[in-house]
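Take a look at the structure below.
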Amino acid sequence: MQLQHDDQPLPPATAPLSPAESHPSMPPQLLVSVRNGIEAEAALQGGCDILDIKEPARGSLGMADVAAISAVADVVRQQQVDVVVSTALGETTDWYAAAPPALPAGINYAKLGTAGLRPDLDWRRRWSEVRRQFDLAADRNIAWIAVAYIDWELANSPPPLEIVAAATEAGCAGVLFDTFTKTGRGLFDWLSKPQLHALVNDIHAAGQLVAVAGQITAENVPALIDFAPDIIAIRSAACAGGQRTNSIEAEAIRHFKTAMHNAAISH
């Protein structure tokens, strides 16, 4: 893939969410990552607010096949449900030598990983150009969520502070904090509460969304509510047996939603 700029304006993408700073009384929304249309139906039955599409067998931000992405978007259209749809697109480095596919209609947000970018002093330009190629392939400006890996040294990614600054400069819709490695260590194993609080404040001050992920369980919810994230993102906690490669279960999502409701009431 050739990295080049294109000044041709594109239609704006839909961006239906607002940062919690603008609506401090609003509880966070629940994002559930699904791999296909069948899992999407289960996630909707469980009451998710945001459907995210990824293939967990391909890594933290593994991109599902375009057919699977389209199938999830079709489920949302057919059921006429009011949910936001996002998709993972793999790592930025995956697209250095490959042409990005056109994302189907109905995708509100997209995420592009930053693993492997740290040795590249020009990583911001490359990250920007890969996103631009996706915009051009889709013939619209995609609403982007920047990805800050909290285990950034293991991911060989730029540290979270650099990602947050780059997301603001690029006009991203928000920032997702996630783990690159899925070894059982979660959000608070990598970030202290003061660190997370400072990062969330910086992102909200820039008018952007904050999403948190990384082996989050229902037991983590009360502590997370204190930081006023806009989105809590789960995969493992929504799967049978808590294993991210197992199938999505509606009942597991209902259990997590109950934990979020109870935490919001008691907050």
Side-chain angles (χ1 to χ4, degrees), residues 1 10-17 29-46 48-115 127 129-147 172-174 176 178 180 182 209 211 213 231 233-236 238-239 244-250 253:
M1 181 191 70
L10 298 174
T14 302
L17 299 177
Q29 294 194 301
L30 177 62
L31 177 152
V32 176
S33 292
V34 303
R35 68 200 324 173
N36 53 42
I38 294 173
E39 288 195 348
E41 291 177 357
L44 292 172
Q45 290 169 11
C48 74
D49 303 301
I50 303 170
L51 272 176
D52 178 59
I53 311 156
K54 72 178 178 183
E55 176 45 67
R58 296 176 181 168
S60 180
L61 255 73
M63 181 178 173
D65 294 338
V66 174
I69 297 173
S70 296
V72 173
D74 287 344
V75 167
V76 173
R77 278 193 294 269
Q78 290 163 7
Q79 296 197 14
Q80 297 182 337
V81 287
D82 185 21
V83 296
V84 173
V85 182
S86 66
T87 191
L89 298 175
E91 303 299 328
T92 302
T93 53
D94 295 342
W95 302 102
Y96 282 2
L103 294 180
I107 304 300
N108 303 109
Y109 294 95
K111 302 171 297 181
L112 190 63
T114 52
W127 177 62
E129 292 296 347
V130 171
R131 288 186 289 107
R132 182 64 175 165
Q133 292 298 321
F134 270 103
D135 286 347
L136 291 172
D139 198 27
R140 67 183 187 275
N141 284 327
I142 297 166
W144 289 97
I145 302 294
V147 179
C172 290
L176 166 69
D178 200 356
F180 176 71
K182 303 299 180 182
L209 298 164
I231 301 163
I234 61 173
R235 168 74 195 181
S236 298
C239 291
R244 68 190 298 269
T245 53
N246 289 347
S247 297
I248 295 290
E249 287 190 338
I253 298 170

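Expressed to the nearest 0.5 Å, how far OG of S86 lies from CD1 of I53 amounts to 7.0 Å. A distance of 4.5 Å separates CH2 of W95 from CZ of F134, quoted to the nearest 0.5 Å. One distance of note links OG1 of T87 with CD1 of I69; it measures 3.5 Å at 0.5 Å rounding. Separation of atoms CD1 (I248) and OG (S33) is listed at 7.5 Å; rounding is to 0.5 Å. Distance check, rounded to the nearest 0.5 Å: OG of S247 to CG of N36 gives 8.0 Å. Taking OG1 of T245 as the reference point, atom CZ of R35 lies at 7.0 Å (rounded to 0.5 Å).
In plain terms, the two heavy atoms of R131 and L112 that are nearest each other are CG-CD2, 3.8 Å. In plain terms, the two heavy atoms of R244 and S236 that are nearest each other are CB-OG, 3.2 Å. Closest approach of P104 and I107 over heavy atoms only: O-CG1, 3.4 Å. V130 and T92 get closest at one heavy-atom pair: CG2-CG2, 3.8 Å. Nearest heavy atoms, I142 versus D135: N-OD1, 3.0 Å. Residues G113 and L61 come closest through the heavy atom pair N-CD2, 3.6 Å.
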For a side-chain contact (heavy atoms from CB on, under 4.5 Å) check, start with the C-alpha distance between Q29 and V83, then their side-chain angles and the critical distance, and finish with the verdict.
CA-CA 10 Å; Q29 294 194 301; V83 296; over 6 Å; no
In sequence, state the C-alpha distance, the side-chain angles, and the governing distance for L30 and I234, and then conclude on side-chain contact (heavy atoms from CB on, under 4.5 Å).
CA-CA 8 Å; L30 177 62; I234 61 173; 3.9 Å; yes
Assess whether salt bridge (charged side-chain N to carboxylate O under 4.0 Å, His left out) is satisfied between D52 and K111, documenting all intermediate values.
CA-CA 10 Å; D52 178 59; K111 302 171 297 181; 3.0 Å; yes
Could you go through the side-chain contact (heavy atoms from CB on, under 4.5 Å) check for W144 and L89 one step at a time?
CA-CA 11 Å; W144 289 97; L89 298 175; 3.6 Å; yes
Any chance you could lay out the side-chain contact (heavy atoms from CB on, under 4.5 Å) test for D49 and I231, step after step, and finish with the verdict?
CA-CA 9 Å; D49 303 301; I231 301 163; over 6 Å; no
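Counting heavy atoms from C-beta on, the side chains of E39 and V75 never come closer than 4.5 Å. I50 is not listed as a side-chain neighbour of Y109, based on a closest heavy-atom distance of 4.5 Å or more.
Checked by atom type and distance alone, the side chain of E55 never pairs as donor or acceptor with a backbone atom of M63 at under 3.5 Å. Between the side chain of K182 and the backbone N or O of S60 there is no donor-acceptor pair closer than 3.5 Å. Looking at E91, its side chain does come within 3.5 Å of a backbone N or O of A115 through a donor-acceptor pair.
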